[in-house]
Amino acid sequence: MTTCDVAIVGAGPYGLSAAAHLGTVKGLDVRVFGEPMSFWEHHMPVGMILRSAWTATHIADPNRSLTLEAYQEACGNHLSAPVPLDRFIQYGLWYQRLAVPDVDQRKVARIESGPAGFRVILADGDVIRSRRVVVAVGIGSFAWRPPEFEGLPPSLASHTSEHRDLSQFAGQQLVVIGAGQSALESAALLHEGGAEVEVVARSRRIHWLQGWASTMLHYRLGSFTKRLLYAPTDVGPAGISQLMARPDLLRRLPRQLQDRLWKRSVRPAGSRWLEKRLQNVPIQLGRSIVSVVPVRGRVKIRLDDGSERTVHHVLLGTGYRVDISMYEFFASELVQSIRRFNGYPWLREGLETSVTGLHILGAPAAWSFGPLMQFVSGTHYASRSLTRCIAEAGTRRL
Ligand SMILES: Cc1cc2nc3c(=O)[nH]c(=O)nc-3n(C[C@H](O)[C@H](O)[C@H](O)COP(=O)(O)OP(=O)(O)OC[C@H]3O[C@@H](n4cnc5c(N)ncnc54)[C@H](O)[C@@H]3O)c2cc1C
């Protein structure tokens, strides 16, 4: 049986960044499992453009040397903001080759408590004994489908995360549900790819990011004001952005206030550059779905205004709902012993769960450390906090 000090499960931005930082701790044997950048490669649509700003799109590394600028320089690839998906994936793989060359691409099938830490069982049956485990597997398991669509076959309704290539829908009629970035960008890509698409959303209006107020603050009031109001991590509106960039401070606020600020910072919204691309796409706002019925290979949808449409496919841009019990690899006794709130783990410093030695990074950490954890820019805080915690604990037994 192989042993190590820390097993990192997941090789996306959080797992890679954690591994790069832990690599600076002397004598620590760290293993990383998972296919690098695979969520971005297989579960986001070709042609997508990142919503995050340039300053918020670097994967943190301990020397601050693996930035997008460094990638551009090293590879001669010119990057423009906003960053296209394919370029971000290439950047992530470049980062991995330089900072974490020894990723073991096998999947983790099960994590259970062991005598002095954990047993990590790989998909091929190999067992690793590790004193600590860092779970950084992202949001793929949390794709949320409204109950109305349960029971429909995947040919009639699917979640946006199930598609890489939306051109398969060319010439077809689709309804896209949702008013967030993923729904709106998918609708734009479908429209541009030759599908006949309509967007249906419950919200009464679309919140466009970079509206006139923020544009004014960004461009008219100068770089000093901009820096004052917006942190480079780029999560949250003017002023609140600075607080979101400081999870240690945010954590001290009353819970209710934290929740209000969280809601205000990451409500469903679309990038301003999508508005023009959706000019010729019909959008029904303030509407909910009353019934969904399969009809001869198509799907008939009735809205609460009594209108009906029969389409080839419904694409659910309905986002993700964190519930760590959905991570299939957790042994049930282990997940039961993690203190949780609404599916989120309660985490202390070092993003450590109530089970000593078990850390969870990325979106599930948002309940404890704020919405920054849902974005690549949160890797700066998460990796440093994790590394500090593990370095301080040293090699003592758990
Ligand atoms: C459509 C869309 C657009 C987005 N755009 C942005 C954006 O512009 N900017 C931004 O900051 N964020 C964006 N996000 C959020 C983004 O998903 C996160 O910021 C980022 O992926 C978090 O990184 P992660 O490492 O936590 O997870 P992921 O990137 O999902 O990485 C998880 C890794 O875990 C691995 N893994 C999963 N299960 C196992 C297992 N059992 N065993 C081993 N390995 C496993 C996978 O192979 C994967 O590599 C977007 C999300 C979506 C859905």
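Read the numbers this way: they start at 1 and go in the same order the structure lists the ligands and their atoms.
When H43, M48, M37, R106 are checked for heavy-atom proximity to atom 5 (N) of ligand 1, M48 turns out nearest. Here the shortest heavy-atom distance to atom 44 (N) of ligand 1, taken over A7, G92, G34, belongs to G34. Across the listed options V108, L50, L122, V108 owns the non-hydrogen atom lying nearest to atom 42 (N) of ligand 1. For atom 6 (C) of ligand 1, the choice among F88, W40, F375 with the nearest heavy atom turns out to be W40.
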Kindly determine whether E196 and R309 satisfy salt bridge (charged side-chain N to carboxylate O under 4.0 Å, His left out), including the steps that lead there. CA-CA 12 Å; E196 199 181 307; R309 59 274 289 138; over 6 Å; no
Run H159 and F149 through ring pair (Phe, Tyr, Trp, His ring centres under 6.0 Å) and show every step you take. CA-CA 10 Å; H159 191 268; F149 295 92; over 10 Å; no
Trace of the side chain to side chain contact (heavy atoms under 4.5 Å, CB included) decision for T379 with D61: CA-CA 9 Å; T379 55; D61 72 282; over 6 Å; no
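Heavy-atom contacts of V376 reach the following atoms of ligand 1: 10 (C), 11 (O), 19 (O) (cutoff under 4.0 Å). Residue contact check: F33 has heavy atoms under 4.0 Å from atoms 43 (C), 44 (N) of ligand 1. Under a 4.0 Å criterion applied to the non-hydrogen atoms of Y320, ligand 1 contributes the atoms 53 (C). Those atoms of ligand 1 that come under 4.0 Å of a heavy atom in F329, given as number and element, are 41 (N). Atoms of ligand 1 found under 4.0 Å from any heavy atom of V9 (numbered from 1 in listed order, with element): 42 (N), 43 (C). Which parts of ligand 1 touch K107 is read off a 4.0 Å heavy-atom cut-off, strictly below it: atoms 40 (C), 41 (N), 42 (N), 43 (C).
For atom 15 (C) of ligand 1, the closest non-hydrogen atom of the protein is Q374 O, 3.6 Å. Looking at atom 9 (N) of ligand 1, its nearest protein heavy atom turns out to be S52 OG, 2.9 Å. Of the protein's heavy atoms, M44 CE, 3.6 Å lies nearest to atom 52 (C) of ligand 1. Closest to atom 46 (C) of ligand 1 among all protein heavy atoms lies S38 OG, 3.2 Å. For atom 49 (O) of ligand 1, the nearest protein heavy atom (residue, atom name, distance) is E35 O, 2.8 Å. Shortest contact from atom 24 (P) of ligand 1 to any protein heavy atom: Y14 CD1, 3.7 Å. Of all protein heavy atoms, the one lying nearest to atom 31 (O) of ligand 1 is G12 CA, 3.3 Å. Here the protein heavy atom with the shortest distance to atom 36 (N) of ligand 1 is V137 CG1, 3.9 Å.
Of the listed residues (H42, R106, K107), just one forms a side-chain hydrogen bond (donor to acceptor under 3.5 Å, both in side chains) with E35, and that residue is H42.
The shortest N/O to N/O separation between S377 and ligand 1 does not fall below 3.5 Å.
Taking the ring centre of W273 as origin, the terminal cationic atom of R51 falls outside the region bounded by 6.0 Å and 45° from the ring axis.
Under the 30°/60° scheme for interplanar angles, the aromatic rings of W367 and F341 are found to lie parallel. Relative orientation of the F39 and Y320 rings is perpendicular, given thresholds of 30° and 60° on the angle between their planes. Below 30°, between 30° and 60°, or above 60°: for Y327 and F329 the angle between ring planes is below 30°, a parallel geometry.
Ion pairing between E112 and R110 holds under the 4.0 Å rule for side-chain N and carboxylate O.
For the pair F88 and M37, the minimum side-chain heavy-atom distance is below 4.5 Å.
Atom CZ of R348 is surrounded by more than 12 heavy atoms from other residues, nucleotides or ligands within 6.0 Å.
A side-chain donor from one of Q90 and Y71 sits under 3.5 Å from a side-chain acceptor of the other.
At a 4.0 Å heavy-atom cut-off, ligand 1 touches A136 through the backbone alone.
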